[in-house]
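Report on the following structure.
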There are 2 protein chains.
Amino acid sequence: MATSYQHQKAGDLNFLKRLNRSAILEMVRRVPGLTRADIATQAQLTKATVGSGVQSLLNQGWLKEGDLQKSSGGRPGRALHLNDDRHYLLGAEVGVHRLRLVACAPSGKVLEALHEPFVPTTPESTAALLAELLQQLMRSPAVAQRENLGIGVALPGPIATGDAVLRRAPNLGWQDVRFLDLLHPHLPELKGVWLMDNEAKSAAFGELYFRTGKIPESLLYVSAGTGIGSGLAEGSHSPLLTRGVQGLAGEIGHTILQPGGHYCHCGNRGCAETLVSGWSIRATLGIDEKDDLIQTLEPRLQEPEVTLTLRRAGEALGMLLLNLHHTQNPAEIVLGGSLTQLGNTFLEPALTYFEANQHRLLGTTQRVPLRVVEDSTFVAARGAAAQVLARAIHGPELS
Amino acid sequence: MATSYQHQKAGDLNFLKRLNRSAILEMVRRVPGLTRADIATQAQLTKATVGSGVQSLLNQGWLKEGDLQKSSGGRPGRALHLNDDRHYLLGAEVGVHRLRLVACAPSGKVLEALHEPFVPTTPESTAALLAELLQQLMRSPAVAQRENLGIGVALPGPIATGDAVLRRAPNLGWQDVRFLDLLHPHLPELKGVWLMDNEAKSAAFGELYFRTGKIPESLLYVSAGTGIGSGLAEGSHSPLLTRGVQGLAGEIGHTILQPGGHYCHCGNRGCAETLVSGWSIRATLGIDEKDDLIQTLEPRLQEPEVTLTLRRAGEALGMLLLNLHHTQNPAEIVLGGSLTQLGNTFLEPALTYFEANQHRLLGTTQRVPLRVVEDSTFVAARGAAAQVLARAIHGPELS
DNA sequence: AGAGTATGTTCAAGCTGTTTACTTAGTCGT
DNA sequence: ACGACTAAGTAAACAGCTTGAACATACTCT
């Protein structure tokens, strides 16, 4: 249930063993079908060490053996795979207008999902509602016979490292909420990892951690919804998230993009959110808080006023992306959040601006891919589940 | 001589031993006067392990024993200190108008320094000149009888992780320079660690790594000179630097701060450097490239045009700092570079803007300290030396 | 069928951290 | 001044993990 992260400086033999087991598990997770010999080569371990480590992971049900591989002149190796049938992870996102829940297999496959509209209330009643939905999810047949590894909750506001407090969620009207402490009494039987994190950071983590094939060395997730935030995940083995001392890292909605510009709800002037965000688009077009932004705008996309507003917002987003490129320089940028549903009127100016300017400093040597998530509904919830898995693999759970 | 950094996933017993030795050494370095018992408690190791580790570090000359500490009811512990007399580190910075060199003790104390004006030429002749100055430094009495641990070079441009190439240095007119490969033939006798890094990143590393007492969990160094760049160092044990895939992380001079603003030399419009930077101040006030900016402006600080220009630049810097606060949220910000010598006309607006706005999102719970370096002349060179020490402590050198 | 080659396993050996008991060096109380 | 007490540091036996070398296994090529 603790979320603090112990910075490991020194270690004993047990630590070394766990380190090696984790490394093996991560490698097979990332590259399904790896053989013991492949692992020994890549991890710089001996065949014997890998053999015993794999055996123990097989016994614990983390791995399973697959087919024999094609021989390359000698005895063929046996393929190893993550055992995707034994465990599951719970991930939830408390959004501004929605609760989203997933149960994931260790591979990241979504086993069951729930998507409930909700009107923000107190943290306490939200926790009660979420607990009820989680229990509903856990009773579903695809999940019920698996072993749970823990639960992760993604929230729309800054959360500092090592302290499970949501400092402020302006769009929920919450402040200093220890959400896990509120949720735990409703789910006392739920053991394993308990964690909470910022929504964009969970999303970034999940997009990187559940990736297979060629894995970028870092990934930035930009979440464009009512507000706008970002998360940076780095490192392929077990990605690290940049949270900042106060959890404010990624609060890009409040970076200044137009000095002396409009007032933001934070009290400052010219914040990026005054140019791109659900609330600023609402304000510009006079759309009521109670109406769904996307549904309201969909039939009005041809109106010149709407087109102009979305184009301007899109261009501001492009600048914001370029600023992140020149501040954090991630290997890949992923764009998600409800505003991506506004389509090309909004997205095209952002993508165009970024493409036109990303090579200003170094020429066209290496392109940073910018990808728009097709459906970002469960990205943050799935990301929180990914964080649970990472914690389980690298924590004391693995014996 | 290799600069690539192997991401350690798995390890053997030797790795574990080195890890523990490094941890002990780091702890004593950070808190001089620690006893074996203190180390055992903090590092979660047994007395016996610490004892043998310390013994080996004493034998190798990394540590030395000090006085007995005050007893707290039992046998007093013996204080341990970093042996500051045995080794030294070389650090150099190739600036736009200056070469700066230092030889440091492991504590970070500058033993000898050199500061030479220079006019940018080819990489080759710069390497030759630098090598000559380095040899001069190594012959000085305070250094000559110590053992060298390696050399680090800080350069004004992006350098990607794991690849010792300076991609572009616009203010030097260099491109794709493997500077270490040019320097090495002139100093074949120099063994140990060889590395190069971006100037602001070296500075950030050094400011964090050589700190004693209360150590911030992360530190952002902003270098304001001809151009403007930043570096973020994180983690107290052995700080990590964020470089980005292409080494563009921290290129904050080219973040957009004024959409549709003036053209930048990068070809884009509204970059922060068009508002704050040595070159933009020169351009606004019509100061020739050949004249020293600081010396030219010092007698003119009362002129309304100068005051206005510097105030505007300072305010833009304040916004840039706030943007970094809301993007990276470091635990401490350090401001350096030649422009800091312009004094309060320039600095005061920056500091005021930052102080006035840093609490917009969370209230005044926790203040992020913003410090201006008194004399930033050797900060980057000393930081490069710090990187050498860290590489030596955590690399294979420690047996 | 037999040689060749690479995978995976077994087991004694070596190394590292731990445990336990002991020595050492102070303080406190009488 | 002496002894009881406390905590730091050390020595030796012990436990656990990785290693190295020999061996068993499984496929291909001739």
Side-chain angles (χ1 to χ4, degrees), chain A residues 8-25 27-28 31 33-60 63-81 396 398-399, chain B residues 8-24 27-28 31 33-59 63-81 396 398-399:
Chain A
Q8 198 80 37
K9 311 169 186 184
D12 56 8
L13 286 163
N14 209 328
F15 160 78
L16 184 62
K17 185 172 123 186
R18 280 218 315 273
L19 188 78
N20 288 345
R21 303 284 147 92
S22 305
I24 292 170
L25 190 46
M27 290 174 73
V28 176
V31 187
L34 230 53
T35 65
R36 292 168 175 78
D38 295 333
I39 296 170
T41 314
Q42 290 181 35
Q44 302 262 61
L45 294 170
T46 59
K47 290 189 293 179
T49 309
V50 174
S52 74
V54 166
Q55 195 51 250
S56 124
L57 291 168
L58 285 170
N59 294 343
Q60 288 173 65
L63 293 180
K64 62 183 177 192
E65 292 192 312
D67 298 332
L68 286 176
Q69 288 205 324
K70 277 269 166 63
S71 162
S72 54
R75 171 178 173 175
R78 188 161 290 276
L80 295 168
H81 296 275
L398 211 79
S399 62
Chain B
Q8 197 80 39
K9 310 168 186 187
D12 55 9
L13 287 163
N14 210 327
F15 161 77
L16 185 62
K17 186 171 126 188
R18 279 218 316 273
L19 188 77
N20 288 344
R21 303 284 147 94
S22 306
I24 293 171
M27 290 173 71
V28 175
V31 187
L34 230 53
T35 65
R36 291 167 176 81
D38 296 332
I39 297 171
T41 313
Q42 289 181 35
Q44 302 262 57
L45 293 171
T46 58
K47 290 189 293 179
T49 309
V50 175
S52 75
V54 166
Q55 195 50 251
S56 125
L57 289 169
L58 285 169
N59 295 341
L63 293 180
K64 63 183 176 193
E65 291 192 312
D67 298 332
L68 285 177
Q69 288 205 325
K70 275 271 164 62
S71 161
S72 56
R75 171 177 171 176
R78 189 160 290 276
L80 295 168
H81 296 275
L398 210 77
S399 62

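Convention: sequence-line order gives letters A, B, ...; per-chain numbering from 1.
- Considering CG of Leu63(A) and CD1 of Ile24(A), their distance stands at 8.5 Å, rounded to 0.5 Å.
- When the nearest nucleotides of DNA chain D are assigned to Ser71(A) and Gly74(B) by heavy-atom distance, the more 5′-ward of the two goes with Gly74(B).
- For the pair Asn14(A) CG and dC15(C) P, the interatomic distance rounds to 22 Å; values are reported in whole Å.
- With rounding to whole Å, Asn59(A) atom CG is found 14 Å from dT9(C) atom C1'.
- Residues Arg78(B) and Ser52(A) each lie close to DNA chain C; by heavy-atom proximity, the contact nearer the 5' end of the strand is made by Ser52(A).
- dC14(D) atom P lies 18 Å from atom CG of Leu13(A), rounded to whole Å.
- Comparing dT10(D), dG20(D), dG16(D) by their closest approach to the side chain of Lys47(B) singles out dT10(D).
- Between the CD atom of Gln55(A) and the P atom of dT9(C) there is a distance of 7 Å, rounded to whole Å.
- For Asp67(A), the CG atom sits in a loose shell: 12 or fewer heavy atoms of surrounding residues, nucleotides or ligands are nearer than 6.0 Å.
- Side-chain atoms of Thr49(A) do not come within 3.5 Å of backbone N or O of Leu45(A) as any donor-acceptor pair.
- Rounding to whole angstrom units, CG of residue Leu68(A) and P of dA6(C) are separated by 17 Å.
- Of the candidates dT18(D), dG20(D), dG9(D), the closest approach to any side-chain atom of Ala48(A) belongs to dG20(D).
- You'll find that the side chain of Pro76(B) is closest to dA25(C), out of dT19(D), dC27(D), dA25(C).
- As judged by a 4.0 angstrom heavy-atom cut-off over every strand, Gly73(B) is placed among the base-contacting residues.
- For dG20(D), neither phosphate oxygen OP1 nor OP2 lies less than 4.0 angstrom from any side-chain nitrogen or oxygen of Thr46(A).
- Residue-level contact check: Ala37(A) touches the backbone only, with heavy atoms under 4.0 Å from sugar-phosphate atoms and none from bases.
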Between Leu25(A) and Leu57(A), is the side-chain contact (heavy atoms from CB on, under 4.5 Å) condition met? List the steps.
CA-CA 8 Å; Leu25(A) 190 46; Leu57(A) 291 168; 4.3 Å; yes
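- A donor and an acceptor atom, one from each side chain of Arg21(A) and Ser56(A), are located under 3.5 Å apart.
- Looking only at side-chain heavy atoms (C-beta outward), Met27(A) and Gln42(A) come within less than 4.5 Å of each other.
- The CG-P distance, from Leu45(A) to dG8(C), rounds to 14 Å in whole Å.
- Residue Arg36(B) places its side chain closer to dT10(D) than to any other of dA26(D), dC27(D), dT10(D).
- Atom CZ of Arg18(A) and atom C1' of dC17(D) are 14 Å apart (whole Å).
- Rounded to a whole Å, the CD atom of Gln44(A) is 15 Å from the C1' atom of dT19(D).
- Scanning atom types as modelled, one donor and one acceptor separated by under 3.5 angstrom connect the side chain of Arg75(B) and the base of dA8(D).
- When the side-chain nitrogen and oxygen atoms of Lys17(B) are compared with OP1 and OP2 of dT16(C), one or more of them lie within a distance under 4.0 Å.
- Distances from the side chain of Leu16(B) to the nucleotides dA26(D), dT16(C), dG26(C) place dT16(C) closest.
- In this structure, Lys70(A) and Gly51(B) both approach DNA chain D, and ranking their closest nucleotides by distance from the 5' end singles out Gly51(B).
- Close to dG17(C), at under 4.0 Å from its OP1 or OP2, lies a side-chain N or O of Asn20(B).
- Looking at heavy-atom distances under 4.0 Å, Thr35(A) makes contact with sugar-phosphate atoms alone, never a base.
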